[in-house]
Amino acid sequence: MKLKLKKGLNLNIAGGLNSDTQIIDLNVGLYAIVPDDFPGFVPKASVHDGDEVAVGTPLLFDKNHPEVKLVSPVAGRVRSVVRGERRKIMRVEVEASDTAVESPELPKPTDKKSACSFLAESGLLAMLRQRPYDIVPNPDDSVRDIFVTALDTAPLAAPASVYSSIFGKEDYEEGVKVLRLISNGKVYISHGADFEYGNISGAEMVEVSGLHPAGNAGVQAANIAPVNKGETIWTLDIETLGRIGRLAKGQRNFETVVALVGPEVEKPSLFKTVIGAEVAPILAGNLGNTEHHRRIISGNVLTGNVVGPEGFLRYPYRQITVIAEGDDKDEFMGWASLAPSKMSESPSFPGHFLKRSFRPDARLNGGRRAMIMSGQYDKVMPMDILPEYLIKAIISKNIEDMERLGIYEVAPEDFAAAEYVDTSKLPLQQIVRDGLDYIRKELE
Amino acid sequence: MGLRNFLDKIKPNFEEGGKLHAFHSVYDGFETFLYTPRTTSSATGAVHIHDSIDAKRTMIIVVMALMPCFIFGMYNTGYQHWLALGAQEFPFFSLLWYGFLTILPRVLVAYVVGLGIEFAFAQWRKEEIQEGFLVTGILVPMICPAEVPLWMLAVAVAFAVVFAKEVFGGTGYNVLNIALVTRAFLFFAYPAQMSGDKVYVASGTPFGYGTALPDGFAGATPLGQIATQTSSDITLTGIDGHVIDTWQAFLGLIPGSFGETSTLCILIGAVILLATGIASWRIILSVIAGGLAMGWIANVFASPLYPASFIPAYDQLLLGGFAFAAVFMATDPVTAARTNTGKYIYGFLIGAIAIIIRTYNNGYPEGAMLAVLLMNCFAPLIDYCVVQANIRRRLNRAKTKTVNE
């Protein structure tokens with residue numbers, strides 16, 4: 001099956017990888033799991049400071065579904081369970097060491113129930129997302145289809161071959177076997193034209209082409225088999241599929257490849273490390289000295305979290321993007337500028353027509369306004385959704401309209417491109433996140 | 001930089017507790033106008049970069065697109081005045097200067113009254129100044145006769161800004177186009193100063209410049225002439241009696257509202273708006289299509305009862321405010337239909353209704369204003385139908401599925 005998506009956004013940002021960039025192995029000392037990265041997961045700690053943990057030892061479990069775990073990605077010792085206001089768990093930090101215990105082997109899954117508990121106990125279920133609501137899947141739900149994306153269209157993302165390099169074809173096929181136990185329908189794998197593994201047996205292969213957000217699993221699902229009210233689909237990326245396959249063969253592997261990119265990075269690089277790794281060793285020596293403020297993002301420029309130089313890799317992001325913050329810059333009448341360095345989708349900027357790469361900073365480039373221009377979001381949303389009307393329904397908390405306009409089909413990340421182009425600078429992803437949380441709270 | 005330091009120095013006065021806090025919105029408006037705000041994206045759950053386009057740039061581009069019409073309007077105001085005086089020579093800069101002096105007080109009044117109200121509401125609501133009035137303020141004098149009395153203009157602008165915009169929540173929430181509400185208010189409240197054959201040629205001496213025309217000088221606009229025709233043989237004449245052909249109507253050296261006579265300049269504006277992607281080509285195209293279609297139908301069934309039905313369809317587009325409305329009024333994104341399909345319907349109906357009013361209602365020689373205002377009211381309904389189609393598609397999808405299973 002082939003899927004061609006016409007709408008989307010092509011951002012040309014400086015600091016991308018060269019095609020011959022080699023992957024550097026990097027061992028870091030400190031790792032952290034941040035429960036906020038797993039929406040819908042209400043964390044309860046199952047370890048204490050100083051506990052010895054193995055790869056795959058549960059660190060946190062979900063209050064509502066205790067079988068769903070977040071596990072340690074490395075062997076070592078729990079340095080601390082960091083809590084914020086009202087004892088909310090902010091993160092669990094683990095110091096890596098070689099002297100740790102083995103984690104017990106999980107029984108091989110044979111049916112849906114055992115497959116779900118296999119994923120939940122191993123910490124891999126938390127790495128999947130379900131639609132509706134874009135949350136950690138509920139293992140008790142009946143799953144219509146499962147969508148795996150082997151394509152990353154985000155700005156400055158490494159080529160898909162990099163991300164699928166940790167695991168091999170056998171891992172993916174093993175993974176699909178497990179998912180097929182869970183899915184009532186199909187397991188789709190969406191990939192680009194350069195996918196090197198050919199057909200993964202057991203999966204329905206879909207070749208996707210198009211601009212960002214074509215690589216989002218949810219966007220692909222919306223164009224292959226959209227989610228109707230009452231249905232549930234699961235989405236994951238090819239790396240997680242590989243992890244599932246490897247686990248079925250008895251090995252727990254939380255390795256990942258991270259791309260360090262962005263206009264502020266001197267030498268864009270690829271690192272093979274483990275999820276949750278601290279970012280300082282990754283940044284070390286790769287950022288030049290500058291006077292101005294910088295923004296270090298775990299993720300890409302459209303979706304991701306600011307982590308700062310002391311932060312950790314956040315899930316599910318496989319990029320660290322460094323851009324200028326811009327809050328220390330005075331720009332005289334920036335709105336009138338005709339400078340070719342201004343990045344924009346609007347033809348009113350000369351830069352729009354230039355084949356060059358841009359160095360955007362984090363400023364809003366304007367003030368927040370009511371929705372004025374029409375049709376802007378449409379141009380970058382390759383889904384059968386009327387984004388303006390859905391956003392308005394969410395803002396007015398009209399559950400009936402949200403349902404009718406397709407809120408079950410979307411995730412915040414699908415609105416990232418629209419948020420970027422918006423003249424009115426509305427926080428669309430936050431609005432969608434709040435809307436999804438609100439409707440889930442009201443209906444459950 | 002000196003200016004930045006000055007702004008930083010006076011800033012505390014405008015903040016909470018400062019002695020000029022009541023003018024905080026004014027300060028904020030100027031500061032963000034002069035310097036791009038330093039506000040950066042939120043740290044989580046949002047994009048980290050934003051497109052360089054913002055509301056200010058969008059609005060200023062519309063103002064730029066209006067400039068050819070505006071400058072032509074200055075020239076034409078002078079030209080019609082000189083023509084009425086029976087002059088043989090038309091000194092370019094004198095004409096321009098006369099037009100400039102005539103329109104300047106109107107532009108100032110429109111901006112001072114409109115922006116004053118905007119600033120006050122922004123202060124009251126503790127919001128940032130909205131840029132919407134930058135466009136409205138220049139549009140209003142352009143769609144009125146050049147010598148509309150200042151106090152009337154002030155009253156009309158105040159009425160439109162308060163009752164058509166601020167009570168709905170400000171820029172982005174209004175149902176009706178503000179500039180057209182201003183014009184409609186003037187048109188219905190003071191018909192004598194807004195219609196007929198006495199108002200469309202500037203007769204005064206702005207700031208003492210030029211020579212006054214005799215009292216009661218009459219120079220009807222082409223549409224005004226048509227409305228009073230009784231035979232099918234329509235000859236349009238300029239105020240000095242020469243015949244106006246299609247080419248002159250296209251250039252715009254005819255009496256009419258200040259900025260909307262020149263189809264050529266409107267086309268230049270349209271090119272700017274379309275090239276920058278700010279106006280919707282769907283709307284402009286469908287307004288023209290609607291106007292041509294209705295103009296053609298009217299022309300086919302031409303009757304002496306309705307003299308305007310004798311003008312060929314393409315001439316309909318050149319006369320009156322039709323082209324101006326198509327490019328600058330119908331395309332206002334806030335009051336137009338927002339869905340792509342809706343835009344075609346909305347535009348087509350504006351074009352068709354403008355010609356219907358113009359042709360079949362002899363009381364109103366010009367229908368563009370009323371057509372746009374009418375369709376502003378219907379735009380939400382059109383969008384509602386388009387949105388319902390999307391909703392039905394989604395429901396059907398779910399239903400077919402259940403049946404198949």
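No experiment lies behind these values; they were computed from the predicted model shown. A, B, ... follow the sequence lines: proteins, then strands. Residue 1 opens every chain.
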Under a 4.5 Å heavy-atom cutoff, which of [options] has the most pairs with chain B?
options: A:Thr303, A:Leu428, A:Leu302, A:Val432; answer: A:Leu302
options: A:Gly334, A:Ala362, A:Ala370, A:Pro226; answer: A:Ala362
options: A:Ser374, A:Gly299, A:Gly366; answer: A:Ser374
options: A:Lys425, A:Arg295, A:Lys229, A:Glu413; answer: A:Arg295
options: A:Val421, A:Leu405, A:Asp401, A:Ile323; answer: A:Leu405
options: A:Glu325, A:Gln429, A:Lys329, A:Arg363; answer: A:Arg363

With chain A, which of [options] has the greatest number of heavy-atom pairs at distances under 4.5 Å?
options: B:Thr276, B:Asp383, B:Asp51, B:Thr58; value: B:Asp51
options: B:Thr339, B:Val334, B:Val387, B:Leu34; value: B:Leu34
options: B:Thr40, B:Asn340, B:Ile391; value: B:Thr40
options: B:Arg392, B:Glu131, B:Gln130; value: B:Glu131
options: B:Ala55, B:Ala337, B:Gly277; value: B:Ala55

What part of [X] gets closer than 4.5 Å to chain B, counting heavy atoms only: side chain, backbone, both or neither?
X: A:Ala416; value: both
X: A:Tyr420; value: both
X: A:Ile372; value: both
X: A:Asp361; value: backbone
X: A:Glu388; value: side chain

Does any backbone or side-chain atom of [X] lie under 4.5 Å from a heavy atom of chain A? Answer side chain, backbone, both or neither.
X: B:Thr44; answer: both
X: B:Ala46; answer: both
X: B:Arg393; answer: side chain
X: B:Met59; answer: side chain
X: B:Ile129; answer: backbone
X: B:Glu31; answer: neither
X: B:Ser42; answer: backbone
X: B:Ile49; answer: both
X: B:Ile278; answer: both

Can you tell me how far the OG atom of A:Ser424 sits from the CZ atom of A:Arg368, to the nearest 0.5 Å?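 The CZ atom of A:Arg368 is 10.0 Å from OG of A:Ser424, to the nearest 0.5 Å.
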
Report the distance from atom NZ of A:Lys342 to atom CD1 of B:Ile53, rounding to the nearest 0.5 Å. 10.5 Å

Looking at the rings of A:Tyr315 and A:Phe38, which for Trp means the six-membered one, are their centres under 6.0 Å apart?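 Between A:Tyr315 and A:Phe38, the centre distance is under 6.0 Å.
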
Could you tell me whether the side chain of [X] and the main chain of [Y] form a donor-acceptor pair under 3.5 Å?
X: B:Tyr111; Y: B:Leu134; answer: yes
X: B:Asp28; Y: B:Glu128; answer: no
X: B:Ser52; Y: A:Met343; answer: yes

Should the pair [X]-[Y] be classified as a salt bridge under the 4.0 Å nitrogen-to-oxygen rule?
X: B:Arg4; Y: A:Asp330; value: yes
X: A:Asp36; Y: A:Lys88; value: yes
X: A:Glu409; Y: B:Arg397; value: yes
X: B:Arg125; Y: B:Glu118; value: no

With respect to B:Tyr27, which candidate in B:Phe119, B:Phe14, B:Phe33 satisfies the ring pair (Phe, Tyr, Trp, His ring centres under 6.0 Å) definition?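 Output: one option passes, namely B:Phe14.
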
Distance under 6.0 Å and angle within 45° of the ring axis: does B:Arg394 meet both against A:Tyr408?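 Ring-cation test returns no.
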
A:Asn184 and A:Ser142: side-chain donor and acceptor closer than 3.5 Å? yes

What are the two closest heavy atoms between B:Ile284 and B:Ala326, and how far apart are they?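 Result for this residue pair: CG1-O, 3.7 Å.
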
Could you walk me through whether B:Tyr35 and B:Leu3 pass the side-chain contact (heavy atoms from CB on, under 4.5 Å) test, one step at a time? CA-CA 10 Å; B:Tyr35 288 97; B:Leu3 184 58; 3.7 Å; yes

